[in-house]
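Notes for the one structure printed next.
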Amino acid sequence: MQKKLSQIISVFNHKIIGQNTNPMITDICFDSRKAAPGSLFFALPGTHTHGNIFIPQAVENGASAVVYQDELPASVQQKLQLRKKNRQPLPVMIHTADTRFAMSPAAAVFYDYPSTKLAVIGVTGTEGKSSTVSFIWQLLRLAGEKAGFISTVEYSLGDDALPNPEHQTTPEAPIVQQRLNEMVQNGCRYAVVEASSHGLSIKTNRLGDVLFDAAVWMNVTHEHLEFHGTQEQYKYDKANLFRNLARHNHIKTITGTITAVPAFGVINTEDPAASYFAAATGLPVYGFTTYGIAGKSAKNLPPIPRSVPYCAAENIKTTADTISFTISGHAGMPEVSTVPVSVNAPVGGAFNAYNLLAAIITTSNITGRTIAGTAPLCSKLHPIKGRMTEIRKGQPFEVIVDYSHTPSSFETIFPPIKQRATGHIIAVFGSAGERDTQKRPEQGRIAAQWCDTIILTDEDPRGEDSNALLEMIAAGCRETGKTEANGLYLIPDRPQAIRKAFSLADKNDIVLLLGKAHENSIIYKDYVMPYDEISEAEKALAEINFTGAGE
């Protein structure tokens, strides 16, 4: 992939400082260590460090051009002047008001606007995004379509899924555009993108130049206020996915055929913000509900927006690793209005009724298939790593790994587990450092309501003190009556916390390992520790050497 610099920077406001040449650009990067001859390097402002200080390293590595904002530090200017004095190559220096915002249109033009060549589905929400993305992708493939996806857990460029090495749900714009381009090159007709609130915010603009054909919204609860500032702004940023549906005419060239893609939205009608999201687009919107049965409560549900045809999941039955229900259609939802459609899937958790409903409706609409023709494919789905994943190594108690890390997700998973538990519930979890602090005591309060034993441990402390962070969660536990005298432990070292949980577990107990799930590291202030929750739990269980382990 290569383009002249002038073509790339023409899509954002800029001013060239110094030499005005027009080199050929062969890649776009924002990590100075990855810069090379032909690179267009974007110096991004960060939480702790401004990317401008890394410009000399990018230049040393051969970057052909640099985009930056704000004033360059004196030390950087001196290094560039020294290179000039020594007649060493200098890049084209491009100043813009916001490098991160500019990076999105630049990446889109560099990769030839790949989202115009795919039917792109975006999935947003506080919870359920990764599972819903995976289910849509799997259903598309089971329906015979070539598809790729990008999510928190995994990604695919058209072939089998690969683990996501990053802690970002939605990657920076160049990575998004590059992966979409690779999907096009691999012959995909569809792409499914997990659209985080960060990715949809104009602050990052990661998805600002992705043209979506379907917008799926799962819910909006308390999360990421450290970034958005208020709950209202958090909701507004998520709704950008729906607002952006109308940005183009949805006639796209998709792998050799010109296809008219009718844009639409899909919403969870049980969430209080359902009407807000339905009103964020003038295009058709379809809804889904379980009438509260699979959620926190069937009481005080908001009215379903009158303009929204919807499907309902009824007769929901679950085991630890299966779910079944029937779909009925309402308010003009085609084809399932009179004849219920059965769904059976090998995934556990009643909350998956939401994820499956959203996936079925979306896949049916975007491919032109019927819901009755799509629903049976659910029997061939695979659960994703770290989403209610059971670990069975012969131990006499249950071990479940899940990504739940918000107050709302706690309220979703704890009640059904408590309902079926015949022993004690032991929960191991923490909270991310340098992220929303308001949710921490609420996590503690909710866990204390449902769990017999709580072990607080590191999630990703980052620059925060682990003990101080865990004390914030513990404060909520103590408000609900859970103290060190009756089952509250603070053990920052996560492997040791898991071993403590297993040492306390008796026959028929349920141990919940929450918050890390699929992630491959724990982030501390000065280092990143490689870590895999499932592997660590299996290792800890093997150390106990239960009779019949591994059977």
Side-chain angles (χ1 to χ4, degrees), residues 1-115 168 170-181 198-199 201-210:
M1 210 77 184
Q2 58 180 13
K3 279 188 172 57
K4 285 288 188 180
L5 174 64
S6 58
Q7 184 179 355
I8 299 171
I9 65 176
S10 66
V11 294
F12 62 86
N13 293 328
H14 66 277
K15 180 180 180 181
I16 295 178
I17 308 297
Q19 65 172 343
N20 186 1
T21 59
N22 194 17
M24 191 67 74
I25 298 300
T26 56
D27 88 289
I28 292 177
C29 67
F30 50 91
D31 184 335
S32 60
R33 295 166 296 184
K34 296 180 180 179
S39 292
L40 172 57
F41 172 67
F42 281 80
L44 306 179
T47 304
H48 301 293
T49 307
H50 201 301
N52 285 353
I53 69 171
F54 299 110
I55 289 175
Q57 182 180 6
V59 174
E60 186 69 28
N61 289 343
S64 297
V66 171
V67 180
Y68 70 99
Q69 69 181 66
D70 306 322
E71 291 294 322
L72 293 179
S75 60
V76 172
Q77 294 185 44
Q78 290 168 5
K79 289 177 181 178
L80 294 177
Q81 285 297 324
L82 183 61
R83 288 187 67 87
K84 183 177 180 179
K85 181 179 179 180
N86 294 334
R87 298 189 177 183
Q88 294 175 289
L90 283 170
V92 181
M93 299 296 291
I94 302 151
H95 188 270
T96 190
D98 188 332
T99 50
R100 185 171 263 110
F101 190 91
M103 193 164 62
S104 177
V109 70
F110 180 75
Y111 288 106
D112 291 330
Y113 298 102
S115 66
Q168 281 183 322
T170 303
E172 295 289 354
I175 298 174
V176 172
Q177 296 291 343
Q178 179 186 37
R179 288 181 179 173
L180 291 176
N181 179 63
H198 289 67
S201 168
I202 62 170
K203 290 183 184 178
T204 71
N205 205 33
R206 293 174 191 165
L207 297 173
D209 292 270
V210 175

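Side chains are part of it too, since the values below use all heavy atoms of this structure and drop only hydrogens, waters and symmetry mates.
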Enter the distance from [X]:[atom1] to [Y]:[atom2] here, rounded to the nearest 0.5 Å.
X      : Y      : atom1 : atom2 : result
Gln77  : Met93  : CD    : CE    : 9.0 Å
Lys85  : Leu80  : NZ    : CG    : 15.0 Å
Phe42  : Cys29  : CZ    : SG    : 9.5 Å
Leu180 : Ser115 : CG    : OG    : 6.5 Å
Leu207 : Ile202 : CG    : CD1   : 13.5 Å
Ile8   : Met103 : CD1   : CE    : 13.0 Å

Just checking [X]: does its [atom1] atom have more than 12 heavy atoms from other residues, nucleotides or ligands closer to it than 6.0 angstrom?
X      : atom1 : result
Ile17  : CD1   : yes
Glu71  : CD    : no
Asn13  : CG    : no
Phe101 : CZ    : no
Lys4   : NZ    : yes

Could you pull out the closest heavy-atom pair between [X] and [Y], with the gap in Å?
X      : Y      : value
Thr99  : Pro45  : OG1-CD, 3.4 Å
Val76  : Ile53  : CG2-CA, 4.0 Å
Leu44  : Phe30  : CD1-CB, 3.7 Å
Ser64  : Gly38  : OG-N, 2.9 Å
Ile25  : Phe110 : O-CE1, 3.4 Å
Ala107 : Ile28  : CA-CD1, 3.8 Å

Is there a donor-acceptor pair under 3.5 Å between the side chain of [X] and the backbone N or O of [Y]?
X      : Y      : result
Asn22  : Leu5   : yes
Thr21  : Pro23  : no
His95  : Asp70  : yes
Thr204 : His198 : yes

Report yes if the side chains of [X] and [Y] come closer than 4.5 Å at any heavy-atom pair, otherwise no.
X      : Y      : answer
Lys79  : Glu60  : no
Met1   : Asn181 : yes
Val66  : Val92  : no
Arg83  : Pro89  : yes
His50  : Gln69  : yes
Gln177 : Pro114 : yes
Ile55  : Tyr68  : yes
Gln19  : Leu90  : yes

Going by ring pair (Phe, Tyr, Trp, His ring centres under 6.0 Å), name the residues that satisfy it together with Phe54, two or more places apart in sequence or in a different chain. none
Would you tell me whether Thr26 and Gln2 have side-chain atoms, one donor and one acceptor, within less than 3.5 Å of each other? no
Steps toward side chain to side chain contact (heavy atoms under 4.5 Å, CB included) verdict (Leu40, Asp27): CA-CA 6 Å; Leu40 172 57; Asp27 88 289; over 6 Å; no
Evaluate the side chain to side chain contact (heavy atoms under 4.5 Å, CB included) criterion for residues Ile9 and Thr96: first the C-alpha distance (whole Å), next the side-chain angles of each, then the deciding distance (0.1 Å), finally the verdict. CA-CA 10 Å; Ile9 65 176; Thr96 190; over 6 Å; no
Taking only Lys NZ, Arg NE, NH1 and NH2, and the carboxylate oxygens of Asp or Glu, determine whether Lys3 and Asp112 approach each other closer than 4.0 Å. yes
Test side chain to side chain contact (heavy atoms under 4.5 Å, CB included) applied to Asn205 and Arg100, step by step: CA-CA 7 Å; Asn205 205 33; Arg100 185 171 263 110; 5.8 Å; no
